[in-house]
Amino acid sequence: MPELPEVETTRRGILPYLKNKSIETVAVRNRQLRWPVPARLKNHLSGQKILDITRRGKYLVFGFDHGHMLIHLGMSGSLRIVKSNSEIRKHDHIDWLINNGRVLRYHDPRKFGSVLWTSGEPGQHKLLKTLGPEPLSDTFDAGYLYEKSRKRQLAVKNFIMNSTVVTGVGNIYANEALFLAGIHPLRQAGKISFERYEALVTAIKNVLHAAIEQGGTTLRDFVNGDGNPGYFRQQLRVYQRAGQPCCVCKKPVRLLSIGQRASYYCTECQR
DNA sequence: ATGCGGACCTGTTAGC
DNA sequence: TGCTAACAGGTCCGCA
């Protein structure tokens, strides 16, 4: 479900309810996620104040005096603020009871997400340490992508979806950015010019910014922390539009599986 | 070092 | 209409 814009939308949605609030207790109903929820999570968090919530790639990083809680939403995870008497649904894994009477609730049918604790620097955590630059930061630019891609044989789509290259570009926005930049998704990463990487970097930043402004893309059931959907879906140019006319040249949008992921593109507009 | 495929899991949709 | 198979927004890991 969530890519970077959806994670950022979630962060912004829940932050006002949680920043500088304390966690009274934690109820873990189902520890089974990508990695088991730490048995000591409740001990770590009870009575502790949430100092801030930041984002690294698609990870949410909850800051406390004595450590950090990392949450990844995987493919189907969501975090919502609910009332304390809110009915518990199937796949509601974890509740954090907040001292303002609200509850932060983690829901994840496919269990690909994760909730972890780290007492050290979060950036040194095994899962964050290898992440590439933030796509919306200044260090992510054409020079970086161009240098990083030299001698690489893989398809450019797989290249930009590799989290060690740049973190947070998932399947929806990889498809959209390649369309906006006019680059065929199968083109070899190492053979793309500096100028074309300039266009691609701009496209990635633009599409992510636009999606964040629209509250993310709701395909099936994504909702932000307040339970509202995102509205970027209406602005998708190629994603899930196979067979429909390209919005620029009217040729039908093509669908191809690249690296086991659905890839949508226009043969006329993307070379 | 690089790149690929399998693995994790459930719900929804497409096709027969 | 009902059953089965394929597919879905992620990414880590092991193998060649």
Side-chain angles (χ1 to χ4, degrees), chain A residues 1-10 29-37 55-60 70-79 89-93 106-116 125-132 135 147-178 185-191 204 207-208 211-212 214-224 229-243 255-264:
Chain A
M1 180 198 305
E3 291 200 28
L4 187 150
E6 290 73 40
V7 175
E8 179 63 19
T9 295
T10 296
R29 291 186 201 85
N30 185 350
R31 294 197 180 284
Q32 191 198 342
L33 287 175
R34 172 134 203 206
W35 291 281
V37 176
R55 181 185 56 72
R56 178 73 176 102
K58 296 173 188 169
Y59 286 90
L60 289 171
L70 309 177
I71 297 186
H72 195 291
L73 302 177
M75 287 277 261
S76 60
S78 63
L79 279 172
R89 300 169 300 165
K90 196 177 181 183
H91 307 305
D92 282 344
H93 285 240
Y106 182 82
H107 177 86
D108 190 357
R110 288 181 71 182
K111 304 178 173 68
F112 288 166
S114 46
V115 175
L116 301 165
H125 188 277
K126 180 188 173 190
L127 296 172
L128 301 191
K129 202 171 181 176
T130 55
L131 294 181
E147 290 304 325
K148 188 95 178 166
S149 63
R150 291 310 91 181
K151 312 239 169 124
R152 299 291 294 270
Q153 312 274 303
L154 78 172
V156 62
K157 179 159 183 273
N158 290 339
F159 178 65
I160 60 169
M161 288 182 69
N162 182 332
S163 67
T164 68
V165 172
V166 54
T167 179
V169 180
N171 199 35
I172 298 177
Y173 302 109
N175 278 301
E176 292 297 304
L178 287 166
L186 281 178
R187 185 159 292 278
Q188 279 188 16
K191 292 187 175 172
I204 290 171
V207 76
L208 292 177
I212 290 169
Q214 295 289 307
T217 300
T218 296
L219 291 180
R220 186 158 297 150
D221 57 1
F222 170 75
V223 288
N224 66 16
Y231 297 99
F232 191 71
R233 184 175 191 178
Q234 298 145 316
Q235 292 176 40
L236 296 175
R237 312 284 214 292
V238 288
Y239 187 78
Q240 285 191 344
R241 296 181 59 90
L255 169 60
L256 190 68
S257 185
I258 303 175
Q260 303 153 301
R261 309 305 299 275
S263 304
Y264 303 85

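Treat the numbers as computed from the prediction; the structure is a model and nothing was measured. Computed over heavy atoms, backbone and side chain alike; hydrogens, waters and symmetry mates excluded.
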Worksheet item: To the nearest angstrom, how far is A/N162 atom CG from C/dG10 atom P?
Response: 13 Å
Worksheet item: Given that both distances must come in under 3.5 Å, which nucleotide forms a Watson-Crick or G-U wobble pair with B/dC9?
Response: none
Worksheet item: B/dG3 P sits how many Å from A/K148 NZ, rounded?
Response: 11 Å
Discussion item. Once you apply a heavy-atom cut-off of 4.0 Å, does A/Y239 come out as touching a base, just sugar-phosphate, or nothing?
Written reply: sugar-phosphate
Item to complete: Tell me whether the OP1 or OP2 atom of C/dT11 has a side-chain N or O from A/R261 closer than 4.0 Å.
Response: no
Discussion item. Looking only at the side chains, is there a donor atom on one of A/K58 and A/T167 sitting less than 3.5 Å from an acceptor on the other?
Written reply: no
Discussion item. Could you check whether any side-chain N or O of A/R233 sits under 3.5 Å from a backbone N or O of A/Q235, counting only pairs where one atom can act as donor and the other as acceptor?
Written reply: no
Worksheet entry | Base-pairing assignment for B/dG15 (Watson-Crick or G-U wobble, both under 3.5 Å) | C/dC3
Worksheet item: Can you tell which of C/dG10, C/dA8, B/dG5 lies closest to the side chain of A/H72?
Response: C/dG10
Fill in: Among C/dG9, B/dC9, C/dT11, the nucleotide that comes nearest once only the side chain of A/K58 is considered
C/dT11
Item to complete: Drop me the distance from A/E3's CD to A/Y173's OH, to the nearest 0.5 angstrom.
Response: 6.0 Å
Worksheet item: Quick one: the side chain of A/R34 and the base of C/dT11, do they pair up donor-acceptor inside 3.5 Å?
Response: yes
Worksheet item: Rounded to the Å, how far apart are A/I172 CD1 and C/dT11 P?
Response: 12 Å
Worksheet item: To the nearest angstrom, how far is A/L33 atom CG from B/dC9 atom P?
Response: 11 Å
Discussion item. Base, sugar-phosphate or nothing for A/Q32? Non-hydrogen atoms, less than 4.0 Å.
Written reply: sugar-phosphate
Worksheet item: According to the 5.5 Å centroid and 30° plane-angle thresholds, does A/F112 stack upon the nucleobase of C/dT11?
Response: no
Worksheet item: What's the shortest heavy-atom distance between A/R29 and A/D92, and which atoms?
Response: NH1-O, 3.1 Å
Practice prompt. Please state how far atom NZ in A/K111 lies from atom C1' in C/dG10, giving the value in whole angstrom units.
Written response: 16 Å
Worksheet, complete the sentence: Atom CG of A/L127 and atom P of C/dC12 are separated, to the nearest Å, by 6 Å
Fill in: B/dA1 and C/dT11, which share atom name P, separated by this distance in whole Å
23 Å
Discussion item. With side-chain contact (heavy atoms from CB on, under 4.5 Å) as the criterion, how do A/N30 and A/V37 come out once you've worked through the C-alpha distance, each side chain's angles and the decisive distance to 0.1 Å?
Written reply: CA-CA 8 Å; A/N30 185 350; A/V37 176; over 6 Å; no
Fill in: Between C1' of C/dT11 and CG of A/D108, the distance in whole Å
14 Å
Worksheet item: How is A/Y59 classified with respect to the nucleic acid when contacts are heavy atoms under 4.0 Å: base, sugar-phosphate, or nothing?
Response: sugar-phosphate
Discussion item. Over all strands shown, is A/R233 touching base, sugar-phosphate only, or nothing at heavy-atom distances under 4.0 angstrom?
Written reply: nothing
Practice prompt. Please check the phosphate of C/dC12 (OP1 and OP2 only) for any side-chain N or O of A/K126 closer than 4.0 Å.
Written response: no
Worksheet item: If we take the P atom in both C/dG9 and B/dA14, what is their distance in whole Å?
Response: 14 Å
Worksheet item: Mapping A/S163 and A/Q240 to their closest nucleotides on DNA chain C, which lands nearer the 5' end?
Response: A/Q240
Item to complete: Please work out which of the three classes, parallel, tilted or perpendicular, describes the rings of A/Y59 and A/H72, given edges at 30° and 60°.
Response: perpendicular
Worksheet item: With respect to the side chain of A/H91, which nucleotide from B/dT10, C/dT11, B/dC9 is positioned closest?
Response: B/dT10
Worksheet item: How long is the line joining CD of A/Q188 and P of B/dT2, in whole Å?
Response: 15 Å
Practice prompt. Tell me what A/K151 touches on the nucleic acid: a base, only sugar-phosphate, or nothing, going by heavy atoms under 4.0 Å.
Written response: nothing
